[in-house]
Structures are given as structure tokens and as C-alpha cells.
Enquirer: 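Can you keep this structure in mind? I'll have questions shortly.
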There are 2 protein chains.
Amino acid sequence: MAMAVAQHRVSSSGSSINKHFDAAGKYVRYTAEQVEALERVYAECPKPSSLRRQQLIRECPILSNVDPKQIKVWFQNRRCRDKQRKESSRLQTVNKKLSAMNKLLMEENDRLQKQVSQLVCENGYMKQQLHTTLAEFLSKATGTAVDWVQMPGMKPGPDSVGIFAISQSCRGVAARACGLVSLEPTKV
Amino acid sequence: MAMAVAQHRVSSSGSSINKHFDAAGKYVRYTAEQVEALERVYAECPKPSSLRRQQLIRECPILSNVDPKQIKVWFQNRRCRDKQRKESSRLQTVNKKLSAMNKLLMEENDRLQKQVSQLVCENGYMKQQLHTTLAEFLSKATGTAVDWVQMPGMKPGPDSVGIFAISQSCRGVAARACGLVSLEPTKV
DNA sequence: AACTAATCAGTGGTAACAAA
DNA sequence: TTTGTTACCACTGATTAGTT
């Protein structure tokens with residue numbers, strides 16, 4: 001069943017210059033050699049001019065049967081396919097890189113997180129040590145009460161350490177000790 | 001120019017059951033109503049059975065002229081192209097999310113980085129203060145050497161702090177000296 | 001058989017450019 | 001200016017090859 005193909009302007013019949021139908025009425029796909037020849041040109045010039053296309057047809061005996069319009073269409077479709085494929089693979093590679101980057105960042109984050117808590121711990125430990133050690137010193141050495149006072153610019157509470165004031169009785173000794181401390185807030 | 005369209009098994013001619021060629025030989029696209037009807041079915045069932053397709057043709061007067069095979073092909077193409085589009089947009093949204101995640105992670109990383117250097121700085125400062133203050137203190141008060149001892153659970157070296165032990169001879173003086181230290185953590 | 005993936009070609013819409 | 005040609009692109013219908 002079935003024959004009869006729409007022909008635009010075929011002179012007689014045998015010359016097979018039709019759309020995707022052969023003279024026999026069969027849907028035609030380009031042969032591997034034809035595609036190869038077309039691909040070769042496409043590789044170096046994806047958008048050949050009309051002249052270049054005609055030249056291609058002349059140069060390539062495999063393509064001599066093909067309508068110039070078909071060549072044009074082939075390049076159009078080829079560009080379209082290429083565009084889709086390129087976009088897809090581009091997105092995929094970007095995705096992979098982003099995922100890898102993400103993983104690294106999360107690991108680095110973890111590492112930093114641990115480092116922070118470690119440092120916070122050490123910090124707290126040091127403060128406490130300082131605190132308790134000095135308090136112990138004082139109480140053991142003098143038996144005098146110690147009043148903690150807040151420093152300007154420092155939050156009160158257990159996490160901050162203020163200097164302490166000593167009852168009048170031991171001030172003299174403290175003064176002689178001099179030296180003493182200034183605290184810089186280690187701005188970054 | 002041209003008529004004659006490939007007909008699969010049309011009885012006579014006028015009944016227009018052809019592929020994408022009209023009886024007049026023109027390439028035919030489905031009308032908006034036809035597409036709408038097809039889309040409606042596709043929305044609830046992208047892969048209708050042959051029976052469902054026949055039923056669709058019977059139900060829908062707009063599609064009565066269409067070859068069942070065309071309906072089948074329409075669904076095939078629809079699925080294929082939908083798949084491509086979905087994949088593309090999926091990749092794009094994944095990309096966006098990954099980028100956003102990346103940005104957040106980098107910001108968090110920055111924040112942690114700063115926090116770490118801040119803490120390291122504070123830590124170092126505290127150690128040095130502790131060290132120099134007490135050394136100075138002791139040397140001024142007694143002239144006696146100070147031995148640093150390592151604390152259990154803390155790493156040795158310049159980055160870690162131990163409590164200090166003072167030689168027996170100057171304990172009393174050190175204790176009496178008091179005065180002293182405040183530590184500013186400047187929390188973030 | 002129907003399905004998927006790839007392919008070829010037609011249509012509509014748009015932009016560039018030259019002739020009327 | 002308008003009109004016509006030309007090429008391009010996005011979309012779409014249909015066909016084939018290969019798979020399930």
C-alpha cells in the first residue's frame with residue numbers, strides 16, 4: 001500500500017530531489033558517509049554560508065544527490081541538537097562541580113565548627129582557671145573578701161571576667177605589685 | 001505544483017485521514033482546540049492505552065477526523081519532549097539550589113573563619129597576658145623564677161595554656177600581691 | 001505489539017537587508 | 001516608507017531503528 005509522494009517540482013521522477021521521501025516513497029535518512037561528510041564540515045564551521053554549502057555539494061560526490069535545501073536544513077537541525085546537548089552537558093558538569101564544592105565546604109564547615117567549639121572550650125577553661133586560681137590565691141594568702149566589679153564595655157555574667165577590687169586592707173600590696181594588666185579587645 | 005499525498009489506507013480521498021498533509025497537500029498542525037483536548041487527557045494520563053485513545057476520539061468531535069495512529073504519535077512525541085523539558089528545568093532548579101546552598105556555606109565559612117581567628121587571637125592574648133603578667137608580677141615582687149607546668153588534657157606549646165606553679169618560696173608574696181587581670185572575650 | 005531515542009522536514013515568527 | 005527575499009530559530013508531526 002501507499003506510494004505517491006508530494007513533489008515540489010520534480011521534472012520527471014528518477015532524480016530523487018525530494019524531501020525526506022525517496023523516489024520509491026520511502027522515508028530516507030542520510031547514510032553514514034553522508035553524515036560523516038556533513039559532520040566534518042560542521043566541526044570547523046557550524047554555520048556555513050550558502051556558497052560553502054554549494055561547494056560542499058560539489059566537492060562531495062556522496063552528497064551530489066542531495067537538495068541544497070536539505071543541506072541547509074540539516075545544518076539547522078544539527079545546530080539545534082548541538083545546542084540542546086551542550087546545554088544539558090554544561091548543566092550537568094556545573095552541577096557536579098557545585099556538588100563537589102558543596103561537599104568540600106561542608107567538610108570545611110565541620111572542621112571549623114569543631115575548631116570553634118574547641119577554642120571556646122579552651123577559652124572558657126582559661127578564664128575559669130584564671131579566675132579560680134587568683135581567687136584561691138587571694139583567699140589563701142590574705143583571707144580577704146574579693147569583690148568582682150564590672151569593666152566598662154564588658155557584659156556581666158559568668159562568661160566575662162572583670163578585674164576585681166580588693167578590700168582596702170590589701171591595696172597597698174597590690175599597688176606595689178604594679179606591673180599589671182591592660183586588656184585589648186583583639187579586634188579583627 | 002504538487003498534490004498527491006501518501007495515504008495509508010484511505011478509502012477514497014475526501015475523508016482527510018492522512019499524516020501531516022491535508023487533502024490540499026498542505027502541512028497541517030493540530031488546532032488549538034485539538035491540542036487542548038489532547039493536553040487535558042495527557043495531564044491525567046500521559047500514556048493512555050489504545051482503548052483510551054479510541055475512546056478519546058469517540059468522545060471528542062474535534063478529533064474525529066484524526067487517525068488513531070496520529071493520536072498515538074502525538075502522545076509519544078509529547079512524552080519525549082516533555083521528558084526533555086523536565087530534565088532541563090530540573091537541572092536548572094537543582095543548579096539554583098546548589099548555588100544558593102553554596103553561597104550560604106561560603107558565608108558561614110567566612111563567619112566561622114573570622115570567629116576562629118578571633119578566638120585564636122583572644123586565646124593567644126590571654127595566654128600572653130597570663131604569662132607576662134604573672135612573670136612580671138613575680139619577678140617584681142620576689143625576683144624568683146617561675147616554672148610553667150603543663151595541664152592534663154591540654155596540648156603543650158605556645159598555643160596552649162597551663163596553670164602555673166610558683167616555687168614555694170614566693171607563694172605568700174604572690175598571694176598577697178593580688179590586683180590583677182581581666183579578660184575580654186568580645187563575643188560575637 | 002508499543003515504547004524510546006534520534007532524525008528529517010514543514011510551519012510560523014523574527015531579523016537583516018536590498019529593491020521598489 | 002513599504003515590500004520582498006533570505007536565513008535563522010523554536011516548535012511540531014512523522015518516520016525509522018532499536019529496545020522492552
Side-chain angles (χ1 to χ4, degrees), chain A residues 1-10 16-36 38-39 42 45-54 63 65-89, chain B residues 1-10 16-36 38-39 42 45-54 63 65-89:
Chain A
M1 59 292 272
M3 21 57 267
V5 173
Q7 310 263 37
H8 268 193
R9 64 281 172 81
V10 173
S16 70
I17 313 222
N18 357 27
K19 29 218 72 177
H20 54 288
F21 291 107
D22 196 350
K26 283 281 292 177
Y27 191 98
V28 158
R29 294 160 102 96
Y30 303 135
T31 68
E33 294 93 17
Q34 288 176 322
V35 171
E36 194 184 357
L38 291 165
E39 289 284 2
Y42 182 83
C45 173
K47 200 184 287 191
S49 68
S50 182
L51 246 77
R52 180 75 186 85
R53 274 178 267 137
Q54 285 186 355
L63 297 171
N65 303 17
V66 185
D67 189 333
K69 185 178 176 181
Q70 288 179 279
I71 306 287
K72 190 185 70 174
V73 169
W74 186 90
F75 276 96
Q76 278 178 196
N77 283 322
R78 184 69 182 79
R79 283 194 296 272
C80 184
R81 278 171 255 157
D82 198 36
K83 183 178 179 181
Q84 294 171 351
R85 276 197 282 267
K86 290 272 181 180
E87 247 309 277
S88 177
S89 73
Chain B
M1 58 298 267
M3 19 60 264
V5 172
Q7 312 262 39
H8 269 192
R9 63 279 174 78
V10 172
S16 68
I17 313 224
N18 356 28
K19 33 215 68 178
H20 56 287
F21 290 108
D22 196 349
K26 286 279 291 177
Y27 190 97
V28 155
R29 292 159 101 98
Y30 303 136
T31 66
E33 293 93 17
Q34 288 176 323
V35 172
E36 193 184 359
L38 291 165
E39 289 284 2
Y42 181 83
C45 174
K47 200 184 287 189
S49 67
S50 182
L51 245 77
R52 179 76 186 83
R53 275 179 268 137
Q54 285 186 355
L63 297 171
N65 303 14
V66 185
D67 189 335
K69 185 178 177 180
Q70 288 179 277
I71 305 289
K72 188 185 69 174
V73 170
W74 187 91
F75 276 95
Q76 283 176 184
N77 281 323
R78 186 71 181 79
R79 281 194 299 269
C80 184
R81 282 153 187 167
D82 195 38
K83 183 179 179 181
Q84 294 171 353
R85 277 194 282 268
K86 290 275 180 181
E87 247 308 280
S88 177
S89 72

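Keep in mind that the numbers below use all heavy atoms, side chains included, and drop hydrogens, waters and symmetry copies. In what follows, every chain begins at residue 1, and chains take the letters A, B, ... in the order their sequences are listed.
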Enquirer: Tell me, do B:Cys80 and B:Gln84 make a side-chain contact under 4.5 Å, heavy atoms counted?
Expert: yes

Enquirer: Using the rule given for side chain to side chain contact (heavy atoms under 4.5 Å, CB included), can you reason through B:Gln34 versus B:Val66, listing the C-alpha separation, both sets of side-chain angles and the distance that settles it, and then say yes or no?
Expert: CA-CA 10 Å; B:Gln34 288 176 323; B:Val66 185; 3.8 Å; yes

Enquirer: Just how far, in rounded Å, is P of C:dT7 from CG of B:Asn77?
Expert: 15 Å

Enquirer: More 5' along DNA chain C: A:Val35 or B:Lys47, using each one's nearest nucleotide?
Expert: B:Lys47

Enquirer: Just so I know, are the side chains of B:Tyr42 and B:Asp82 near enough to count as touching, which here means a heavy-atom distance under 4.5 Å?
Expert: yes

Enquirer: Using atom NZ of B:Lys69 as one end and atom C1' of C:dA1 as the other, report the distance to the nearest whole Å.
Expert: 13 Å

Enquirer: Please give me the minimum heavy-atom distance between B:Pro48 and B:Arg79, naming the atom from each residue.
Expert: CD-NH1, 4.4 Å

Enquirer: Can you check the B:Phe75 CZ to D:dG13 C1' distance for me, whole Å?
Expert: 15 Å

Enquirer: Side chain of A:Val73: nearest nucleotide among C:dC3, D:dG13, C:dA9?
Expert: C:dA9

Enquirer: C:dA2 phosphate, OP1 or OP2: any side-chain N/O from B:Gln76 under 4.0 angstrom?
Expert: no

Enquirer: Would you say A:Trp74 reaches C:dC8's phosphate, i.e. side-chain N/O to OP1/OP2 under 4.0 Å?
Expert: yes

Enquirer: If you look at every heavy atom in A:Phe75 and A:Pro46, which pair is closest and at what distance?
Expert: CD2-O, 3.8 Å

Enquirer: C:dC3 P sits how many Å from B:Arg52 CZ, rounded?
Expert: 14 Å

Enquirer: Closest to the A:Lys72 side chain: C:dC8, C:dC3, D:dA7?
Expert: D:dA7

Enquirer: Rounded to whole angstrom units, what separation is found between the NZ atom of A:Lys86 and the P atom of D:dC9?
Expert: 15 Å

Enquirer: Just call it for B:Arg79: base, sugar-phosphate, or nothing, with non-hydrogen atoms closer than 4.0 Å on any strand.
Expert: sugar-phosphate

Enquirer: Could you state the atom-to-atom distance from CZ of A:Arg85 to C1' of C:dT7 in whole Å?
Expert: 10 Å

Enquirer: Respond yes when some side-chain nitrogen or oxygen of A:Arg81 is under 4.0 Å from OP1 or OP2 of C:dC8, and no when none is.
Expert: yes

Enquirer: Can you tell me how far C1' of C:dA2 sits from CG of B:Leu51, to the nearest Å?
Expert: 14 Å

Enquirer: Would you mind reading off the distance between B:Tyr30 atom OH and D:dG13 atom C1', rounded to a whole angstrom?
Expert: 6 Å

Enquirer: Go through C:dA6, C:dA5, C:dA9 for me and flag the one nearest to the A:Arg29 side chain.
Expert: C:dA6

